[in-house]
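Before any comments, here is the structure.
Model, not experiment: these values are computed from the prediction. Numbering of residues begins at 1 and proceeds along the displayed sequence.
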Amino acid sequence: ILGKQEAHATFRDARLVGGSVDYRSNEAITTWELCVGDPDDSMRAARERRRTGRLILSGVAFWVIDPPGALDARPGLPWLTGTGPLSELSTEVGKKLARLLPTGASGWYFFFASWNAHMYGGARRLTFEWV
């Protein structure tokens, strides 16, 4: 989904910058700082290089965010440490949302370690663009 423009791009250790849901166009748009650096580069700056991009969910069925799981949730940008298909998540909320997906839609989960919480999205189409 991240394309070929950044060969080492990954959502692993990404940071969520912001998000919005537009009910008129039925889209959820999230902005991320993604890791794009070469993990094998000898220079730290090259290994830890980041770039901003947008993940767009079109034909949104749902967009749900758990409240932070810790009272001492770290300030700053939420730190993503896990993501995948909603069908692979074993939480009760994840299972319930997976059952609510309409025909032709797919679901995804995102886990933020800094919040100890999940974000869930269900939509007909998922696209990504670099900013």
Side-chain angles (χ1 to χ4, degrees):
I1 188 149
L2 297 176
K4 297 178 182 177
Q5 192 176 47
E6 294 285 357
H8 300 287
T10 178
F11 271 97
R12 176 92 177 123
D13 291 327
R15 293 181 281 209
L16 179 63
V17 175
S20 65
V21 178
D22 183 332
Y23 294 102
R24 190 172 315 221
S25 65
N26 203 24
E27 287 187 329
I29 301 171
T30 56
T31 304
W32 301 84
E33 285 183 359
L34 297 170
C35 300
V36 295
D38 181 349
D40 297 323
D41 197 290
S42 61
M43 301 294 293
R44 181 178 178 168
R47 284 192 310 271
E48 296 182 2
R49 188 170 67 88
R50 292 184 168 272
R51 187 169 174 194
T52 301
R54 285 192 196 106
L55 183 64
I56 303 164
L57 288 80
S58 303
V60 172
F62 55 81
W63 186 252
V64 180
I65 303 173
D66 290 338
L71 294 177
D72 61 346
R74 292 184 225 156
L77 298 177
W79 172 39
L80 181 72
T81 58
T83 186
L86 196 53
S87 60
E88 294 177 3
L89 192 60
S90 61
T91 66
E92 288 304 314
V93 172
K95 289 178 190 177
K96 182 177 182 178
L97 290 172
R99 290 190 300 270
L100 294 175
L101 282 168
T103 302
S106 299
W108 303 273
Y109 76 88
F110 306 85
F111 180 76
F112 297 95
S114 55
W115 286 351
N116 191 28
H118 286 91
M119 180 169 69
Y120 312 90
R124 297 198 182 282
R125 192 178 71 202
L126 182 71
T127 56
F128 182 84
E129 61 188 31
W130 294 107
V131 182

Applying side-chain contact (heavy atoms from CB on, under 4.5 Å) to Leu2 and Leu34, what does each step give before you reach the verdict? CA-CA 10 Å; Leu2 297 176; Leu34 297 170; 3.9 Å; yes

Determine the minimum heavy-atom distance between Ala61 and Pro102, stating which atoms define it. CB-CD, 3.6 Å

Between Ser25 and Asp22, what is the shortest heavy-atom contact and its length? N-OD1, 3.1 Å

So how far is it from [X] [atom1] to [Y] [atom2], rounded to the nearest 0.5 Å?
X	Y	atom1	atom2	result
Asp66	Phe111	CG	CZ	9.0 Å
Glu27	Leu57	CD	CG	9.0 Å
Ser106	Leu101	OG	CG	7.5 Å
His118	Phe110	NE2	CZ	11.0 Å
Glu48	Asp13	CD	CG	10.0 Å
Thr30	Leu55	OG1	CG	4.0 Å

State, with a plain yes or no, whether a side-chain heavy atom of Leu97 is found less than 4.5 Å away from one of Val64. yes

Answer whether the closest heavy-atom distance between the side chains of Glu129 and Ile56 falls below 4.5 Å. yes

Greater than 12 external heavy atoms within 6.0 Å of Arg47's CZ: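 Yes, CZ of Arg47 has more than 12 neighbouring heavy atoms, counting only those of other groups under 6.0 Å.
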
Tell me, with the steps shown, if Glu6 and Arg51 meet salt bridge (Lys or Arg N to Asp or Glu O under 4.0 Å). CA-CA 9 Å; Glu6 294 285 357; Arg51 187 169 174 194; 2.9 Å; yes

Looking just at side-chain N and O atoms, do Thr81 and Trp79 make a donor-acceptor pair shorter than 3.5 Å? no

Any chance you could lay out the side-chain contact (heavy atoms from CB on, under 4.5 Å) test for Tyr120 and Phe62, step after step, and finish with the verdict? CA-CA 8 Å; Tyr120 312 90; Phe62 55 81; 4.2 Å; yes

Donor-acceptor pair, Arg50 side chain versus Val36 backbone, under 3.5 Å? no

Judged by atom type as modelled, is there a donor-acceptor pair below 3.5 Å linking the side chain of Arg124 to the main-chain atoms of Thr103? yes

